[in-house]
Amino acid sequence: MKRFHFPHKDIIDSQQFSREDIDTILEATNRIVELKQQNRLFGILQGKLMASLFFESSTRTRLSFEAAMQRLGGRIITTVGFQFSSISKGETLYDTMKMIEAYSDIAVMRHPVEGSSRIAASAVKIPIINAGDGAGQHPTQALLDLYTIVKERGLPNGKRIAFIGDLKFGRTIHSLVKLLTHYEVEFVFISPADLALPQSYRKELIAKGISFDETEDLKAMWDCDVAYITRIQEERFADRDEFERLRNSYTIHRAFVQASKKETLLLHPLPRVNELSTDVDEMPNAAYFRQAAYGVDVRMALLCLCLQADMPSD
Ligand code: NCD
């Protein structure tokens, strides 16, 4: 049996990881993939129960965590949306978490309020995994994005990576930018000026001595190795008119991608709306559906790491 060294109870923010932690996560995911191919996953988390708490909408994240747990032989309990939970009766997150702690061994939580998963984690002894907290962070998505880059193109060192779309509210962008500061990456931020990367993230890059390009011109993705495309985050806008003004800011079509100087790897956390045309889907460098599939492997590894589980060795 093999147990990876993972010095974290919770997964809250991609900034919590050292380069060593990231290497451990990538290695554990590779091991999970091997075990999957050998049909040896089932039983690794037998007897463990995961609470799946999705107070905000989700398709991939919730289902991939639930699939990951079940494929490892663990089981799940689940609640979806505030209207079906006691939070709608006025219960605090703290009280809810005290119950969840009594019922389960680990909890995965998505919540509209930034910082909520940190509050949840401090209330309980069981591991808490942040599956998206408002416009804050989405660290497990960033880890699967990184895993996808490594699988498809190798380590990100020396790569020019474009972040496209809603850099202001996009939590997947926030988490991935922080994660990629562990590598020698050239950052290119492409967005309407009103949806630029928040100051705190730019300041951090500057403080680390990492230079980046910022532009509104989509053509900047043509000399990038990776383009990470995101939708405009409609639900985060306080001003509906502002969303209406920005909603059709950009759409990436096949012909536009074909004009690229490089075989740019196209990633998208999904769901897509109108920013990425379906005529791109059949291109070999369109990796977003493969990216979603890698998500189950990465989340299996993360569940094992947080639960300090033993994996079968050869
Ligand atoms: C993302 C999210 O929820 O932040 N979706 C996901 O988890 N794959 C991206 C988005 O909703 O735009």
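Model, not experiment: these values are computed from the prediction. Counting starts at 1 for both ligands and their atoms, following the listed order.
Looking at T230, its side chain does come within 3.5 Å of a backbone N or O of D166 through a donor-acceptor pair.
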Below 3.5 Å only, please: the N or O atoms of ligand 1 paired with protein N or O atoms, distance on each line.
from, atom 1, to, atom 2, distance (Å)
ligand 1, 3 (O), R110, NH1, 3.3
ligand 1, 3 (O), R110, NH2, 3.1
ligand 1, 3 (O), R171, NH2, 2.9
ligand 1, 4 (O), R171, NE, 2.8
ligand 1, 5 (N), L270, O, 3.0
ligand 1, 7 (O), T61, OG1, 2.9
ligand 1, 7 (O), R110, NH2, 3.1
ligand 1, 7 (O), H138, NE2, 2.8
ligand 1, 8 (N), Q141, OE1, 3.2
ligand 1, 8 (N), P269, O, 2.9
ligand 1, 8 (N), L270, O, 3.0
ligand 1, 11 (O), R231, NE, 3.4
ligand 1, 11 (O), R231, NH2, 2.9
ligand 1, 12 (O), R231, NE, 2.7
ligand 1, 12 (O), R231, NH2, 3.4
ligand 1, 12 (O), Q233, NE2, 2.8

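When the side chains of ILVMFWY residues are joined at heavy-atom separations under 4.5 Å, either directly or via intervening members, L167 and L176 end up in a single hydrophobic cluster.
Applying the side chain to side chain donor-acceptor pair (under 3.5 Å) test to residues at least two apart or on different chains, the pairs with a partner in residues 300-313 are R3-D310. Sorted by first and then second residue, the ring pair (Phe, Tyr, Trp, His ring centres under 6.0 Å) pairs involving residues 42-69 (not counting sequence neighbours) are F55-F82, F55-H111.
Hydrophobic side-chain contacts under 4.5 Å tie L63 to no other Ile, Leu, Val, Met, Phe, Trp or Tyr residue.
Residues Y294 and T29 bring no donor and acceptor atom of their side chains to less than 3.5 Å of each other.
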